[in-house]
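Before any comments, here is the structure.
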Amino acid sequence: AVKKIPIPRFDRESAYDFVAKQVAFGPRVPNTEAHKATKNWLVSQLKEHGATVIEQDFKATAYTGTVYNSTNIIGQYNPAAKKRIVLAAHWDSRHIADNDADPSKHNVHVDGADDGASGVGVLLEVARNLKTLPTDMGVDIVFFDAEDNGISGGTKPADSYTWALGSQYW
């Protein structure tokens, strides 16, 4: 017999509101007040939506030598389940707009609406649904930090390791 599973309704307006809230904090560059405020809000949102939350704090050294106080945020649903899936996005934003067509903006922080906040917004909407429609499978929603501060256009193989510091740590 096939077990029928109710399909939750993905609310695009809710997901958009989650994106808008992140952007309203300001650019989520590690070591900034906007970054700290967003971290606290993300943790509270996952808890509000029924997740068991793990804050994985770490220090990440960027290619510039800057040490970032960083946190991967992990929301677990059904943490005891052995069968699990991971859904992930990064929540930080880029420290410089070095690929902007306008060179005068190259040293400006990026708000990260479509790079970072949009993925997190979608996953927060998934979390909202998981609260109302639990599953017997384990689900880990991971928001990686310190992902978006690597060397743009790097040509050496080691340059690729300057990106995705949070997922490397995880």
Side-chain angles (χ1 to χ4, degrees), residues 1-61 68-94 110-150 160-170:
V2 175
K3 180 181 172 185
K4 289 193 175 192
I5 300 172
I7 299 171
R9 181 180 171 275
F10 184 90
D11 184 339
R12 69 182 180 199
E13 293 302 320
S14 173
Y16 178 83
D17 289 343
F18 289 134
V19 174
K21 179 67 176 181
Q22 292 169 80
V23 172
F25 285 115
R28 297 163 312 283
V29 176
N31 296 346
T32 65
E33 288 304 314
H35 185 261
K36 290 175 195 170
T38 305
K39 172 190 156 188
N40 293 334
W41 179 76
L42 290 172
V43 167
S44 73
Q45 286 300 297
L46 286 170
K47 287 180 179 178
E48 182 179 318
H49 297 305
T52 299
V53 178
I54 299 167
E55 295 178 54
Q56 188 181 52
D57 295 322
F58 64 99
K59 302 258 187 221
T61 303
Y68 290 133
N69 296 308
S70 306
T71 305
N72 291 331
I73 303 166
I74 304 159
Q76 294 187 313
Y77 291 86
N78 198 4
K82 300 237 184 285
K83 192 176 192 180
R84 314 196 63 73
I85 62 169
V86 174
L87 306 172
H90 76 92
W91 68 275
D92 63 311
S93 60
R94 188 139 175 83
V110 177
D111 72 4
D114 65 345
D115 182 5
S118 60
V120 170
V122 167
L123 293 182
L124 285 173
E125 177 60 12
V126 169
R128 189 186 68 76
N129 277 290
L130 286 170
K131 180 180 181 181
T132 61
L133 189 65
T135 176
D136 56 355
M137 177 181 283
V139 178
D140 297 322
I141 294 177
V142 182
F143 298 142
F144 291 116
D145 196 3
E147 296 287 280
D148 213 5
N149 291 292
S160 64
Y161 293 104
T162 65
W163 295 92
L165 301 178
S167 53
Q168 289 182 58
Y169 183 83
W170 182 71

Taking every non-hydrogen atom, the tightest pair across [X] and [Y]:
X	Y	answer
P8	N129	CB-OD1, 3.0 Å
S118	D115	OG-N, 4.4 Å
F58	G166	CZ-CA, 3.4 Å
A60	S70	CB-OG, 3.9 Å
E147	W163	O-CE3, 3.5 Å
Y77	L46	OH-O, 4.0 Å

Hey, does the side chain of [X] reach the backbone of [Y] with a donor-acceptor pair shorter than 3.5 angstrom?
X	Y	result
R28	W91	yes
N78	D136	yes
N31	N69	yes
D148	D92	no
T135	M137	yes
Q168	Y161	yes
R128	A15	no
R94	G150	yes
E125	D11	yes
D111	V23	no

With sequence neighbours excluded, residues passing side chain to side chain donor-acceptor pair (under 3.5 Å) with T132
none
Test V142 against every option in I54, L123, I74, L87 by the side chain to side chain contact (heavy atoms under 4.5 Å, CB included) rule and name the one that passes.
I74
F10 CZ: over 12 foreign heavy atoms closer than 6.0 Å
yes
Give a yes or no on whether R84 atom CZ has more than 12 heavy-atom contacts from other residues, nucleotides or ligands under 6.0 Å away.
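Atom CZ in R84 is packed in, count exceeds 12.
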Side chain to side chain, [X] and [Y], heavy atoms closer than 4.5 Å:
X	Y	value
T71	V43	no
L124	V19	no
P27	T32	no
I73	D145	no
D140	Q76	yes

Residue pair V126, V139: steps toward the side-chain contact (heavy atoms from CB on, under 4.5 Å) verdict
CA-CA 10 Å; V126 169; V139 178; 5.6 Å; no
What distance separates E33 CD from T38 OG1, expressed to the nearest 0.5 Å?
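The distance works out to 10.5 Å.
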Within this structure, what is the CG-NE2 distance for the pair L165 and H90, rounded to the nearest 0.5 Å?
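One gets 12.0 Å once the value is rounded to the nearest 0.5 Å.
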Residues 126-148 vs ring pair (Phe, Tyr, Trp, His ring centres under 6.0 Å), sequence neighbours excluded, gives F144-W170
Parallel, tilted or perpendicular: which fits the ring planes of F18 and H49, with parallel below 30° and perpendicular above 60°?
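Plane angle over 60°, so perpendicular.
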